[in-house]
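Each chain gets a letter, A, B and so on, in the order its sequence line appears, and its residues count up from 1.
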Amino acid sequence: MTIQSNVPQWGEVQTPPGERHLPIYLLLDTSGSMDGAPIQSMREGLEQFQREVANDPFARDVVKVGIITFSSDAQLVTGGLVPISAFQPPHLAASGVTRLDLAFKVLLESMDRDVVHPVKGGQKGDWRPAVFVLTDGRPTDENGKVSNSLWLPAREAVVNRPKGMNKPSIIVAVGCGPDVDDETLKAISTGTAFRMGTSQAAFVALFQYLSRSITSSVQPGGNPDNPLANLPPSSDSILVRIP
Amino acid sequence: MLTGFVIGDRGLGTSADTHPFWIMAHAVAGPYLVVGASAIGQFHLGQQLPRDDAFIVRAAGPWLAAAVADGVGSQPLSRYGATYAVEALSALLLRPLVPKATPGEKTAARPLSPQHWKLSPPPIAEETELKIPVVKEGSTAWTMGISSPEWTGKIWRGTEPAPLAESSATALRQVASVGWWPPLQADRQLAEVSQTDQTSAGAVTQGQGGTSDLSPSALDEPNLVEVVKQAFRKTHQGLGEHARSLGLELTDLSCTALALLLNVETGKGAAGQVGDGAILGLTARGKVLELVQAPDTGDPQATYTLNKPNFERYLAPAIIERPEADPFVAFYVMTDGLSGDLLYSPQTEMLQDWAQKVDRNLRLSSSPAQAAAGMLNWLATYEVKGSWDDRTLVVITQKEGRSDGNRQPATGQSESAAATDDR
């Protein structure tokens, strides 16, 4: 939709149609250790996230979301990037190990397939995707053994892409529960990482933070290329930024 | 002495940050109406940050140089780079094409013809109005509100678009400098005298860093691509010196740069571009062409800027040429805040429609000042989802002797050049 100038003689000067979108990827740990209250809180958090972003008059027009769950496998449960207004929080079940590497591979495939490149005479391009990773432990191999050998190169492939390929503007890592490791979270992220508990209040705080950062990034004065740029550090002791 | 003018943004140095939020400028150069406007984007307005775009149009004799630049948003002082880039580019494009001032020039000033001896500027200058839309609290549409003498940048939700509140309107301070010079006939006489002087001057050196063959015969057919390349090279070098003078790093002044060089008598010219934005030409038959095809950088989401050491890899110079049967009648030089809304649609007919309507509105405006005000208002207020960047547009449109026969009503006034800042 295009609203034109309020100056009468210029009112009929219209730009061609075309919209940019802000892709948001949520990489959610659904390994066995998330079973019970955490996985339930995560789903409720997604519902809250959808409501808040879809109700924002700016964000609802530009935000598209992709949910990637990872355990022993990884899948893009939304099937692609879906407009936030049409996004239905998926059913989540916890089981298996923590294969973050597979999540990064699915992310890579989706970025190539679903994030729009600008083409002159064709289409507007999307902003670079923002990626949020939520995990309750350290990434593992297929046997459940904590290992950096798989996820580190997979992350590298996402961040350092060949010229001309889509890559994220930012990766934010959030660790929940007692088993997270600050250094690993920092290494997963592109600089911004948080730690929190597994209570329902913690998930509420997390998804509120995600909603606020995304909606503020697409407001006038925001910066979709860096969704965290305008948001003051969280003063909420539930969600602790890792220095 | 060749007549000429310079309009648009002023360079920023250590004296003060004088970059306005909105600016418009206008002039008449030969048969062309020249209109420039730049509007701060909602990104910057909302955060109470300055406009990062800049533009300048400079003319000397038959030559006209228009330059626009977009300071990179991630660099807080990039407007210092953008203003420098347009200042330097426009000057360096003209420098090889016009004779240098000589020590004896003042005493050899060319008198006006007797009928112009009693010319004087008009007793009053025209006022123009800048309208900014404001939306009241509770709206489904969001836009910027102005609530106090300072630009507070508050965002409201409102239900109905409303005119700017009186208190907000008075918050805008307009500053302007306006110049007048004799009408075309006298201008031509001066140009003829200058041409004689130019011929007698022989070769003219090309400023710092080298000379070109600019003998009278070469001036007839100057190598415009080389002029464009040299102007960009020297602007790049100067940007480094400007950064040092400000105590900054070169990356602090990151900016794109686009420039158009046009001979208003022959319609010939050249263009160059580093980074996003566009230079378009409208032909007499209504076709819109992108004059510069930027080299494929392999990463359409990346930003390429004039400050980079390898900027020439992304510099795309081009000669402006059209068949006589379908010549260019208007040119559009713009930053990516606007080109991003225009060029990425498969509906090319809408781009043509846009170009023709802008051209028509400018030429049918009651005066160049009204043309500029209308264009600035449009730039400042049109809304497209996800389009919140600064927007800058310079249009050079032929208003006399067009082969499409679409003329602007003559005002009968003397030609003028003006830059108006609204702060």
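Taking a 6.0 Å sphere around CD of A:Glu47, one finds it holds more than 12 heavy atoms contributed by other residues, nucleotides or ligands. Other residues, nucleotides and ligands contribute at most 12 non-hydrogen atoms within 6.0 Å of the CD atom of A:Gln200.
For a residue to count as touching a neighbouring chain, one of its non-hydrogen atoms must lie under 4.5 Å from one of that chain's; by this rule B:Glu290 touches chain A with the side chain only.
Separating the CG atom in B:Leu376 from the CH2 atom in A:Trp10 is a distance of 10.0 Å, to the nearest 0.5 Å. Going from atom OG of B:Ser345 over to atom NZ of A:Lys124 covers 9.0 Å, rounded to the nearest 0.5 Å.
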Intermediate values then yes/no, side chain to side chain contact (heavy atoms under 4.5 Å, CB included), A:Thr15 and B:Tyr382: CA-CA 9 Å; A:Thr15 55; B:Tyr382 82 80; 3.9 Å; yes
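Residues B:Ser387 and A:Arg20 form no side-chain contact, since every pair of their non-hydrogen atoms from C-beta on lies 4.5 Å or further apart.
Residues passing the salt bridge (charged side-chain N to carboxylate O under 4.0 Å, His left out) test with B:Asp353, sequence neighbours excluded: B:Lys357. Residues passing the salt bridge (charged side-chain N to carboxylate O under 4.0 Å, His left out) test with A:Arg99, sequence neighbours excluded: A:Asp101.
Checking side-chain atoms of B:Trp354 against main-chain N and O of A:Val13 turns up no donor-acceptor pair under 3.5 Å.
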